[in-house]
Structure formats: C-alpha cells, structure tokens
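Notes follow the structure.
Fair warning: this is a prediction, and the values are worked out from it, not measured in the lab. One is the number of the first residue; the rest follow in order along the sequence.
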Amino acid sequence: EAHIEIVDIPDISQARRIVEQWMDQERRLGIDLSSSPWKIRVHVLSNREFVLGMSFHHALWDGWSNATFLNELLRAYSLYEKQGYVCESARPPSYKHFVALEQMAASSEENAAYWRNKLKGARLPWWTGDLREQSAVVCPEVSEDSSNRLVALAATLGVQEKSVWAAVYFALVSLLDGSNDVVASVATHGRPEISGSEKTLGLFLNSLPARLDIAGMRWRDLVLVAEAELQALHAVRHFPLVQIQVETGMSFSASLFSFINFHIYEENIADRQLIFGEGFEETNYCIIFQVQKLQGLQRYVVHVGLDPS
C-alpha cells in the first residue's frame with residue numbers, strides 16, 4: 001500500500017525549488033522496506049496543474065508497469081474531473097502466471113545445464129564485487145543521423161535494433177576489462193504472453209549473464225553474435241538470476257545492459273498533457289548501460305551510470 005501525501009504550493013514560482021528539495025530528501029533517505037517501499041507525493045499548483053512524484057523500490061514493479069500505472073492513474077483522474085465517476089475496468093491477469101513460469105524454469109534440468117555449460121571457466125570483469133559508493137551518469141549524445149544509420153544497419157542485417165546497442169555494450173565491457181571473453185549482464189523481460197498481461201503490474205524483469213568471445217570480430221560480426229546471444233537469453237529468460245549465482249558462486253553485478261522502448265507512453269491521457277521530467281535511481285550494478293528509444297522519433301538517448309571513484 002502506498003503512502004500518499006498532498007502538498008499545496010500556492011506560490012507557483014516556488015514549485016521547482018520545493019519539488020527538488022523533496023527529490024533530494026528522497027535520495028538521502030533512500031527506501032525503508034520496513035515501512036513503505038512506495039510513496040506518492042502530489043504537489044498541487046492550481047486547480048488544473050500538479051506535479052506528481054513517486055518513490056518506490058524496483059522490487060515492486062518494472063518500468064513498463066510504472067508507465068502503465070501512471071497512464072491509468074491520470075486517465076482515471078481526467079475522467080473523474082469530466083464526469084464525476086470512473087467505471088472499474090476489467091482486472092488484468094494475476095501475477096501468479098509469471099511466478100508459475102519462473103518456478104517451471106527453475107525446476108528445469110535443461111535450463112540448469114545450459115547455465116553450467118555457458119559459464120564453465122568464465123572469468124568475471126576485474127571490478128566485479130566492488131561496492132558502488134557514488135553515482136554519476138554520463139549521457140553521450142546520439143545524433144539524428146547516427147540514429148538513422150543504426151536503424152538502417154539493423155534492417156540490413158535483419159536484427160533488432162537492441163542487438164546493435166548490445167554489441168556496443170559488449171565492446172565497451174571488453175575494452176574496460178581488457179578481455180575478449182566477455183561476461184556481462186543483460187536485462188530481460190519475462191512478462192507472460194497471455195491476453196491482457198500488458199496491464200498487469202509487477203516486476204517481470206530478470207538480469208542474466210551473457211557470455212561471448214569477440215576476438216577478431218568486426219562490428220558486423222559482433223552485431224550478429226549479439227543478436228544470437230539475446231535470442232538465446234530470451235529462451236531461458238525465466239530462470240532466476242539468484243539460482244545461477246548460487247550454483248556458480250559468481251556475482252554478475254559488474255555491469256548491466258538495458259534497452260527501453262515503451263510505446264505505452266504514446267497513448268493519450270484524455271485531455272491532459274503529460275510531461276515527464278526529472279528523476280533518479282540507484283543500483284548495485286557498477287556500470288549501467290541504458291538505451292532508450294524516444295517515442296515518435298528515430299532517436300536514442302543513452303545513459304551510462306557508474307561509480308566515478
């Protein structure tokens with residue numbers, strides 16, 4: 001259950017300062033799982049304007065669920081404004097469907113053998129196990145021309161755009177580690193493929209270790225190998241990371257690749273204009289390589305999170 005707080009800001013000129021103070025406070029305090037892992041704060045500016053703030057632990061839900069919740073919340077708010085009531089919509093499938101998929105994967109000897117063979121003799125990046133004490137984000141600019149070239153390359157090779165960026169990520173880890181035998185984590189999505197599951201809220205993500213030898217590869221070869229690796233991970237996406245770590249005795253927190261393409265943000269929210277502003281997140285991964293495709297544009301935004309120390 002969320003802790004909800006409503007704050008009136010009569011002087012709109014002070015709105016940014018007050019919201020930023022709240023964000024700084026949340027960053028300092030962190031999330032207390034013993035009290036409320038989910039907090040909502042509504043900053044009311046006027047009769048038709050407000051700033052919605054949310055603070056939550058990632059264990060509650062993933063980015064798609066967050067976008068779904070925001071869309072549903074603001075759509076319901078707008079409808080209530082117009083007609084004074086909101087009809088209850090049909091309930092989406094239960095989260096238990098995802099739990100069943102994970103339990104089935106965890107009990108599969110075939111899946112377990114896959115991971116044993118894949119990670120046999122693997123050497124983790126040299127910075128594995130370092131505690132992340134500080135956080136910094138680098139956002140290298142990706143021009144429209146570069147974005148268009150990337151899309152064209154993916155189409156020419158017959159691969160998903162995600163694979164081109166994964167190739168960049170694997171090359172970066174190889175460069176930093178000084179090794180061609182790359183072991184690097186990739187965020188996978190395991191939402192059940194059943195009708196209505198796109199509306200289910202929860203955490204449907206997994207973080208799985210990819211491993212590939214990139215010695216002597218040209219970029220074209222690396223992209224194709226990255227595509228094959230992502231497809232292989234998709235087939236075993238429900239096998240729990242914690243089980244892999246227990247069975248191998250390895251930690252895969254050195255790096256993580258995440259590709260975001262949420263078309264749900266293209267949905268209109270009644271009469272309201274929704275502007276996504278600022279935010280922050282903390283993680284135990286030493287390096288985060290996150291790529292987001294901007295909706296409606298052939299442009300990408302890249303965020304590289306790391307410990308500058």
Supply the atom-to-atom distance [X] [atom1] to [Y] [atom2], rounded to the nearest 0.5 angstrom.
{"X": "I244", "Y": "F252", "atom1": "CD1", "atom2": "CZ", "result": "6.5 Å"}
{"X": "F239", "Y": "N111", "atom1": "CZ", "atom2": "CG", "result": "6.0 Å"}
{"X": "L73", "Y": "S78", "atom1": "CG", "atom2": "OG", "result": "11.0 Å"}
{"X": "Q103", "Y": "H238", "atom1": "CD", "atom2": "NE2", "result": "12.0 Å"}
{"X": "E26", "Y": "K39", "atom1": "CD", "atom2": "NZ", "result": "3.5 Å"}

When the ring centroid of [X] is compared with that of [Y], is the distance short of 6.0 Å?
{"X": "W165", "Y": "F170", "value": "no"}
{"X": "W61", "Y": "F204", "value": "no"}
{"X": "Y77", "Y": "Y80", "value": "no"}

Answer yes or no: is there an ion pair linking [X] with [Y], defined by an N-O contact shorter than 4.0 Å?
{"X": "K118", "Y": "E229", "answer": "yes"}
{"X": "K199", "Y": "E72", "answer": "yes"}
{"X": "D24", "Y": "R27", "answer": "yes"}
{"X": "E161", "Y": "K293", "answer": "yes"}
{"X": "R123", "Y": "D181", "answer": "no"}
{"X": "R237", "Y": "E102", "answer": "no"}

W219: side chain to side chain contact (heavy atoms under 4.5 Å, CB included) partners, not counting sequence neighbours
A167, V168, A171, L222
R191 vs S65 side-chain heavy atoms within contact, under 4.5 Å:
yes
Among S207, S185, S255, find the residue that satisfies the side chain to side chain donor-acceptor pair (under 3.5 Å) test when tested with Y285.
S207
Are S146 and S143 close enough that a side-chain donor and a side-chain acceptor fall under 3.5 Å?
yes
Any chain of hydrophobic side-chain contacts (each under 4.5 Å) joining L241 to L101?
no
Applying ring pair (Phe, Tyr, Trp, His ring centres under 6.0 Å), run through W64 and H189 and close with a yes or a no.
CA-CA 10 Å; W64 179 272; H189 304 264; 9.2 Å; no
